[in-house]
Amino acid sequence: MPKYQSDDLDRLFHALGDRSRRAMIERLTRGPASVSDLARPFDMALPSLVQHLGVLEAAGLVTSTKVGRVRTVQLVPGALEPARTWVTAQKMPAERQLDRLGAYLATGGGPRDPPGATDPPGSASPRPSPPHSSHDQEVAP
């Protein structure tokens with residue numbers, strides 16, 4: 001992966017790594033909001049919230065505009081796409097391995113059941129009882 005893409009993903013995942021920033025992103029999926037509207041549900045000082053917004057903006061997730069004294073923040077369309085693409089690329093090889101394992105097991109591959117393990121209840125081949133060890137016995141208090 002080219003370094004610039006890696007740096008971009010690092011910033012994106014770093015920004016998404018904080019619960020408060022994820023909550024801000026969730027709020028912004030419903031539409032733009034002023035900084036004071038975004039601050040309402042959080043128990044943090046306004047400068048801290050503005051710092052979080054700076055991290056989101058540096059990651060390319062949000063943009064903001066200021067009209068008079070009101071700063072409005074909005075989600076950048078498609079900003080989460082690189083994260084989705086990366087996660088999907090990581091998921092695909094694992095899914096292919098599980099599909100191959102499923103196909104292998106469906107053809108009868110894999111470990112065999114011990115004798116009698118699949119016999120129906122009451123059949124002629126009784127199962128031997130497992131050996132007991134001193135660890136299996138209950139100890140009185």
Side-chain angles (χ1 to χ4, degrees), residues 1-123 125-141:
M1 171 182 301
K3 182 171 176 26
Y4 75 91
Q5 286 180 333
S6 178
D7 289 346
D8 292 346
L9 276 175
D10 288 349
R11 277 190 293 278
L12 180 62
F13 283 116
H14 169 72
L16 294 173
D18 181 87
R19 176 182 310 167
S20 298
R21 291 191 289 261
R22 287 192 307 271
M24 290 176 207
I25 292 292
E26 287 177 26
R27 165 51 191 90
L28 292 171
T29 60
R30 297 191 305 269
S34 69
V35 171
S36 50
D37 285 343
L38 280 174
R40 246 182 228 113
F42 299 101
D43 184 26
M44 70 175 73
L46 195 57
S48 297
L49 184 111
V50 170
Q51 198 170 15
H52 281 296
L53 288 174
V55 172
L56 292 172
E57 200 157 359
L61 290 166
V62 301
T63 59
S64 65
T65 55
K66 188 172 183 179
V67 177
R69 298 180 68 185
V70 177
R71 179 165 297 278
T72 302
V73 183
Q74 65 183 17
L75 194 60
V76 173
L80 293 169
E81 187 62 26
R84 187 190 67 74
T85 300
W86 186 87
V87 169
T88 299
Q90 306 319 304
K91 187 174 75 167
M92 297 298 279
E95 287 177 348
R96 281 195 294 271
Q97 285 180 324
L98 288 173
D99 289 346
R100 285 195 305 265
L101 175 61
Y104 175 71
L105 294 173
T107 61
R112 302 286 184 235
D113 289 329
T118 56
D119 293 342
S123 67
S125 64
R127 290 184 177 201
S129 36
H132 293 284
S133 71
S134 61
H135 297 294
D136 293 336
Q137 298 173 359
E138 288 187 28
V139 178

Over all heavy atoms of both residues, which pair between [X] and [Y] is shortest? Give the atoms and the distance, please.
{"X": "D37", "Y": "A33", "answer": "CB-CB, 4.2 Å"}
{"X": "P82", "Y": "L9", "answer": "O-CD2, 3.8 Å"}
{"X": "M24", "Y": "L38", "answer": "O-CD2, 4.2 Å"}
{"X": "L12", "Y": "A79", "answer": "CD1-O, 4.0 Å"}
{"X": "Q74", "Y": "P32", "answer": "OE1-CG, 3.8 Å"}
{"X": "R30", "Y": "R27", "answer": "NH2-CD, 2.9 Å"}

Distance from [X] atom [atom1] to [Y] atom [atom2], nearest 0.5 Å?
{"X": "D18", "Y": "I25", "atom1": "CG", "atom2": "CD1", "value": "11.0 Å"}
{"X": "S6", "Y": "R11", "atom1": "OG", "atom2": "CZ", "value": "9.5 Å"}
{"X": "S34", "Y": "R69", "atom1": "OG", "atom2": "CZ", "value": "13.0 Å"}
{"X": "S20", "Y": "Q51", "atom1": "OG", "atom2": "CD", "value": "12.0 Å"}

Has R21 got a side-chain atom pairing as donor or acceptor with A15's backbone, closer than 3.5 angstrom?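 The answer is yes, because a donor-acceptor pair under 3.5 Å joins these two groups.
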ring-ring contact (aromatic ring centres under 6.0 Å, His included) involving F13 - partner list, sequence neighbours excluded: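 Result, ring-ring contact (aromatic ring centres under 6.0 Å, His included) vs F13: W86.
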Do V35 and L49 make a side-chain contact, defined as non-hydrogen atoms from C-beta onward lying under 4.5 Å apart?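 Yes, their side chains come closer than 4.5 Å.
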Answer whether the closest heavy-atom distance between the side chains of R22 and R19 falls below 4.5 Å.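 Touching, per the 4.5 Å side-chain cut-off.
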Could you list the residues that satisfy side chain to side chain contact (heavy atoms under 4.5 Å, CB included) with T29, not counting sequence neighbours?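 Side chain to side chain contact (heavy atoms under 4.5 Å, CB included) check on T29 returns L75.
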Pairing residues for R84 by the side chain to side chain contact (heavy atoms under 4.5 Å, CB included) criterion, not counting sequence neighbours: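 Partners of R84 under the side chain to side chain contact (heavy atoms under 4.5 Å, CB included) test: E81, T88.
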Does D99 CG have over 12 foreign heavy atoms under 6.0 Å away?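 Yes, CG of D99 has more than 12 neighbouring heavy atoms, counting only those of other groups under 6.0 Å.
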